[in-house]
Amino acid sequence: MTQIGASSPLASAKRVVVKIGSALVADNGQARQDWLDRLASDIAFRRSTGQEVVLVSSGAIALGRGLLSADRPRKLEEKQAAAALGQPLLMAALGQAFAPHNICVAQSLLTLDDTETRRRWLNARATLETLLAAGALPVINENDSVATDEIRYGDNDRLAARVAQMISADVLILLSDIDGLYSSDPRTDSDAVHIPELTELNEAHDAMAGDSNIASDVGSGGMRTKLAAARIAWSAGCATAITIGDRQKPLQALLDGDKATWIIPALTPDKARESWLRGHLTPEGSVIVDAGAARALLSGSSLLPVGVSSVEGRFPRGAAVAVKSPDGVTIAKGVTAYSSDDIERIAGLQTDAVEATLGYRGRPAIVHRDDLVLEG
Ligand code: GLU
């Protein structure tokens, strides 16, 4: 078992996703500004050590519902309206909290499709990468005002895990009102034992989590959804911490070894992504590259339009493709940022000539190196 504490996965993480639940963000329809201010200085400190942080924040419905005449929104459309009213209040409160640290907050509202459909996932990821590179703090929530049941994540724990997976985060921190997983419900069983660390998750752990929601009525996650989120993160090579958010500095507390449950994955995010690409991609067509591009790919570069000579098959943007050398041998597999029709038009072009040919500015690479796995 790894020693959590000084060697907390948070200490060495490069990219961290922090999820905060509604009960932390809002109380009686008002933002908990003091707590948000403290969280902001906690996050600002992590960033000052070189870590990248993405915040997934609930609380839109909790902040907006007081502005609706219905005192407790129950119908879906009431919740959606409350979210539309509360989301700007949430961003305003976060903007106020981060302003003293000169950190700009950037709102990103996602629906299930943005992480489950590869074509859209490429877009959402590129936006988040660009925001991080610009030094902004991406603040993510579900796009509740348009997401109906069939296109909803439903809870921000899973949304946060999908985001962590999408951007290859090393650590996901789920801040809530419980300090982790217990062998049984600690509210009703005085013999319940806290579990500090797990290296896998199975049905026995789900059974320990029960299905009740310990949080108040404003959020939708309980321990079950936290474990579901941790499982998604685990398969993406991302460690998850489940812990109490209502502390002076919850991230620092986690680093100092305060009570939490850590779920530690077997692989790093890079290895997990590589194994996912290897196992899950069935090519819908091929891109034939020239000898120079083939060499560049083998040494870890992305596939640029200039290196492509031709295309085989018809496929949309976001499809899996085989990348073949001039003699027809498959050298890599990857996810394409362009459709076969567009690749035909831009094959052999320098990247800065792509926009004039296609009439839109696409991605610099046809297959980004993060979406590429070499054969063999
Ligand atoms: N997206 C919802 C909100 O902002 C919260 C969902 C959740 O609690 O997990 O109010």
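Note that the numbering runs from 1 along the sequence shown for the chain. Whatever order the structure lists them in is the order used to number ligands and atoms, beginning at 1. Side chains included, hydrogens not; waters and symmetry mates left out as well; all remaining heavy atoms used.
Tyr360 and Asp342 form a side-chain donor-acceptor contact under 3.5 Å, judged by distance and modelled atom types alone.
For ligand 1, the atoms closer than 4.0 angstrom to any heavy atom of Asp155 are 9 (O). Distances below 4.0 Å separate heavy atoms of Ala60 from the following atoms of ligand 1: 3 (C), 4 (O), 10 (O). Of all the atoms in ligand 1, the ones that sit under 4.0 Å from a non-hydrogen atom of Asp144 are 1 (N), 2 (C), 3 (C), 4 (O).
By the 30° and 60° cut-offs, the orientation of the rings of Trp121 relative to Trp276 is tilted.
Listed here is the closest heavy atom pair of Ile343 and Val311: CG2-CG2, 3.5 Å.
The existence of a salt bridge linking Glu274 and Arg278 is confirmed by a sub-4.0 Å separation between a basic side-chain nitrogen and an acidic carboxylate oxygen.
Look at Gly59 and you'll find a heavy atom under 4.0 Å from some atom of ligand 1.
At under 3.5 Å, not a single nitrogen or oxygen of Asp157, backbone or side chain, sits near a nitrogen or oxygen of ligand 1. Ligand 1 has a nitrogen or oxygen under 3.5 angstrom from a nitrogen or oxygen of Asn141.
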| message | Checking Asn202 against His205 for the side chain to side chain donor-acceptor pair (under 3.5 Å) test, could you report, in this order, the C-alpha distance in whole Å, the side-chain angles of both residues, the deciding distance, and whether it holds? | response | CA-CA 6 Å; Asn202 56 40; His205 302 119; 3.2 Å; yes

